[in-house]
A.B. asks: 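Shown below is the structure under consideration.
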Amino acid sequence: MKKEISILQQDTPDQGELQVNVTSTIGIQPITNAIIRIFSGETQVEELTTDISGQTQMIELPTPPFSYSQEPNQPQPFAEYRIQIEAAGYRPVEVTDVDVFPNEIAIQPVQMEPLETSTGEGEETIVVPPNTLWGDFPPKIAEDEIKPMDESGEIVLSRVVIPEYIVVHDGPPSDRAAKDYYVRYRDYIKNVASGEIYSTWPDATLRSNILAIMSFTLNRVYTEWYRNHHKFGIPEACFSVNW
């Protein structure tokens with residue numbers, strides 16, 4: 001759930017940049033000549049097409065003042081846009097609540113399903129969740145500080161391992177019915193950082209927060225914290241989506 005937007009956010013004196021990267025779900029191939037329509041509310045502000053690399057040109061879009069993201073208790077520091085993507089032979093996609101910060105480049109990747117292999121009907125809708133610094137989220141699910149040692153398997157790995165993939169559990173750890181998703185480690189770190197901090201912060205602040213995210217993640221891998229999700233002898237980390 002998002003906080004109610006202040007009337008002050010109609011003030012958009014600064015600008016940020018947005019680029020959309022479109023690929024196929026089959027082989028991650030770039031999709032050329034995809035039509036990208038960008039909306040602010042119900043008003044279309046831009047229409048673009050992708051090049052041979054599946055990328056649009058970078059465009060400038062209005063944003064709230066840069067100062068909003070530098071101190072707490074300010075109005076919403078980013079602008080939100082809605083993107084519609086159409087391409088011949090592919091299922092249409094709409095991405096809502098794409099955040100654009102002042103003086104920063106927002107890159108929105110989109111994967112489209114070929115119609116011949118698509119299992120869905122109509123337009124696919126993707127909702128980008130709010131940044132945790134702005135959204136209204138429940139408290140983090142508490143975990144035991146000490147891991148029980150009555151389970152089979154090693155307690156820690158023999159060495160620190162940087163995994164290629166981690167498993168993201170779409171729900172609390174106790175929910176066995178929730179789906180597990182394999183996500184590239186580097187993409188997971190980027191996605192968590194994008195949702196937990198503001199890109200307008202100083203470089204040293206960004207680095208320290210990203211290092212903390214990486215440290216927490218690798219701790220879960222090294223200690224095999226969720227050992228029931230350790231499969232095929234391959235080191236993995238499994239996380240609830242509620243950080």
Side-chain angles (χ1 to χ4, degrees), residues 2-23 30 34 36-41 43-51 53-85 93-111 126-137 183-217 241 243:
K2 295 192 174 184
K3 297 179 182 177
E4 185 176 350
I5 297 177
S6 166
I7 188 76
L8 292 175
Q9 291 185 10
Q10 295 178 9
D11 180 23
T12 53
D14 289 343
Q15 290 187 323
E17 291 185 292
L18 173 65
Q19 182 183 55
V20 183
N21 298 346
V22 185
T23 57
I36 315 294
R37 298 184 181 91
I38 301 173
F39 294 82
S40 176
T43 303
Q44 181 174 327
V45 296
E46 194 69 66
E47 181 171 314
L48 308 167
T49 56
T50 55
D51 59 19
S53 299
Q55 299 177 325
T56 66
Q57 66 187 79
M58 291 187 183
I59 60 167
E60 292 187 337
L61 295 170
T63 67
F66 175 82
S67 59
Y68 285 2
S69 63
Q70 302 303 295
E71 296 182 9
N73 302 319
Q74 296 292 320
Q76 180 172 309
F78 50 84
E80 293 181 317
Y81 291 91
R82 179 167 55 91
I83 303 173
Q84 291 180 347
I85 308 99
V93 178
E94 179 177 87
V95 185
T96 65
D97 300 335
V98 176
D99 298 344
V100 179
F101 282 86
N103 308 328
E104 297 292 335
I105 299 173
I107 299 177
Q108 179 61 56
V110 177
Q111 287 193 321
I126 300 171
V127 180
V128 179
N131 190 291
T132 56
L133 296 173
W134 181 256
D136 184 14
F137 292 92
V183 181
R184 287 187 181 275
Y185 168 78
R186 63 180 183 180
D187 291 338
Y188 176 79
I189 298 298
K190 289 189 292 185
N191 288 339
V192 171
S194 297
E196 299 254 333
I197 55 184
Y198 291 156
S199 58
T200 54
W201 288 356
D203 181 78
T205 306
L206 294 175
R207 288 177 182 272
S208 62
N209 277 271
I210 293 170
L211 285 173
I213 294 168
M214 294 172 62
S215 176
F216 180 90
T217 304
V241 294
W243 257 62

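The analysis underlying the following values was restricted to heavy atoms, covering all of them including side chains, and did not include hydrogens, waters or symmetry mates.
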A.B. asks: State, with a plain yes or no, whether a side-chain heavy atom of Met214 is found less than 4.5 Å away from one of Tyr185.
C.D. replies: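 In contact.
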
A.B. asks: Report the relative orientation of the aromatic rings in Phe101 and Tyr198; use parallel for angles under 30°, tilted for 30 to 60°, perpendicular for over 60°.
C.D. replies: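 The rings of Phe101 and Tyr198 sit tilted, inter-plane angle from 30° to 60°.
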
A.B. asks: Please determine which of Thr49, Asp51, Val20 meets the side-chain contact (heavy atoms from CB on, under 4.5 Å) test together with Thr56.
C.D. replies: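 With Thr56 as partner, side-chain contact (heavy atoms from CB on, under 4.5 Å) holds for just one option, Val20.
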
A.B. asks: Working to the nearest 0.5 angstrom, can you tell me the gap between Glu47 CD and Gln84 CD?
C.D. replies: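 Answer for the CD-CD pair, Glu47 versus Gln84, is 10.0 Å.
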
A.B. asks: Using modelled atom types only, decide if a donor and an acceptor are shared between the side chain of Ser69 and the backbone of Pro77 within a distance under 3.5 Å.
C.D. replies: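 Side chain of Ser69 to backbone of Pro77, a donor-acceptor pair under 3.5 Å: no, none is there.
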
A.B. asks: When rounded to the nearest 0.5 angstrom, what is the spacing between CD in Gln57 and CD in Glu46?
C.D. replies: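 It is 7.0 Å, given to the nearest 0.5 Å.
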
A.B. asks: For Val22 and Ile36, what are the C-alpha separation, side-chain angles and deciding distance, and is it a side-chain contact (heavy atoms from CB on, under 4.5 Å)?
C.D. replies: CA-CA 10 Å; Val22 185; Ile36 315 294; 3.9 Å; yes

A.B. asks: Please name the pair of heavy atoms, one in Val127 and one in Asp97, separated by the smallest distance, quoted to 0.1 Å.
C.D. replies: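 Heavy-atom minimum between the residues: CG1-OD2, 3.7 Å.
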
A.B. asks: Report yes or no: does Asn191 contribute a side-chain atom to a donor-acceptor pair with the main-chain N or O of Asp187 at less than 3.5 Å?
C.D. replies: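 Yes; at least one donor-acceptor contact below 3.5 Å.
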
A.B. asks: Given side chains that start at C-beta, do those of Glu196 and Asn209 come closer than 4.5 Å, heavy atoms only?
C.D. replies: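 Contact flag for Glu196/Asn209 side chains = no.
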
A.B. asks: Identify the two heavy atoms, one from Ser40 and one from Val45, that lie closest to each other, and give their separation to 0.1 Å.
C.D. replies: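 Heavy atoms of Ser40 and Val45 come nearest at CB-CG1, 4.0 Å.
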
A.B. asks: For side-chain contact (heavy atoms from CB on, under 4.5 Å), just list the numbers for Ile197 and Ile210, CA-CA rounded to whole Å, side-chain angles, deciding distance to a tenth of an Å, and then say yes or no.
C.D. replies: CA-CA 9 Å; Ile197 55 184; Ile210 293 170; 4.3 Å; yes

A.B. asks: Checking Ile59 against Ile38 for the side-chain contact (heavy atoms from CB on, under 4.5 Å) test, could you report, in this order, the C-alpha distance in whole Å, the side-chain angles of both residues, the deciding distance, and whether it holds?
C.D. replies: CA-CA 10 Å; Ile59 60 167; Ile38 301 173; 3.3 Å; yes

A.B. asks: For Pro64 versus Ala79, what's the shortest heavy-atom pair and its separation?
C.D. replies: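 Shortest heavy-atom separation between Pro64 and Ala79 comes out as CD-N, 3.5 Å.
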
A.B. asks: Any side-chain heavy atom of Tyr68 sitting closer than 4.5 Å to one from Pro102?
C.D. replies: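 With C-beta onward as the side chain, the pair stays apart.
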
A.B. asks: Looking only at heavy atoms, which two atoms of Phe66 and Asn103 are closest? And how far apart?
C.D. replies: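 Minimum heavy-atom contact is CD1-ND2, 3.5 Å.
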
A.B. asks: Which value, rounded to the nearest 0.5 Å, describes the distance between Lys190 atom NZ and Ile213 atom CD1?
C.D. replies: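 Interatomic distance, Lys190 NZ to Ile213 CD1, rounded to 0.5 Å: 13.5 Å.
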
A.B. asks: Can you measure from OG1 (Thr23) to CD (Gln55) and round to the nearest 0.5 angstrom?
C.D. replies: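 Reported value, rounded in 0.5 Å steps: 10.5 Å.
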
A.B. asks: Decide whether Thr200 and Gln70 meet the rule of one side-chain donor and one side-chain acceptor closer than 3.5 Å.
C.D. replies: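 The answer is yes; a qualifying pair exists.
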
A.B. asks: Answer whether the closest heavy-atom distance between the side chains of Tyr81 and Pro62 falls below 4.5 Å.
C.D. replies: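 With C-beta onward as the side chain, the pair touches.
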
A.B. asks: So, does Ser208 use its side chain to make a donor-acceptor pair with the main chain of Ala204 at under 3.5 Å?
C.D. replies: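 Looks like yes, one N/O pair under 3.5 Å.
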
A.B. asks: Restricting to non-hydrogen atoms, name the atom on Thr132 and the atom on Phe137 that form the minimum distance, rounded to 0.1 Å.
C.D. replies: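 Shortest heavy-atom separation between Thr132 and Phe137 comes out as CA-CE1, 3.5 Å.
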
A.B. asks: When rounded to the nearest 0.5 angstrom, what distance separates CD in Gln19 from OG1 in Thr50?
C.D. replies: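 Answer for the CD-OG1 pair, Gln19 versus Thr50, is 11.0 Å.
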
A.B. asks: Drop me the distance from Ile189's CD1 to Ser194's OG, to the nearest 0.5 angstrom.
C.D. replies: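 With rounding to 0.5 Å, CD1 (Ile189) is 11.0 Å from OG (Ser194).
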
A.B. asks: When you look at Gln108 and Val128, which way does the side-chain contact (heavy atoms from CB on, under 4.5 Å) test go after all the steps?
C.D. replies: CA-CA 10 Å; Gln108 179 61 56; Val128 179; 4.2 Å; yes

A.B. asks: For the side-chain contact (heavy atoms from CB on, under 4.5 Å) test, which of Ile107, Asp99, Ile83 pairs with Leu18?
C.D. replies: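 In the set Ile107, Asp99, Ile83, the residue that makes a side-chain contact (heavy atoms from CB on, under 4.5 Å) with Leu18 is Ile83.
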
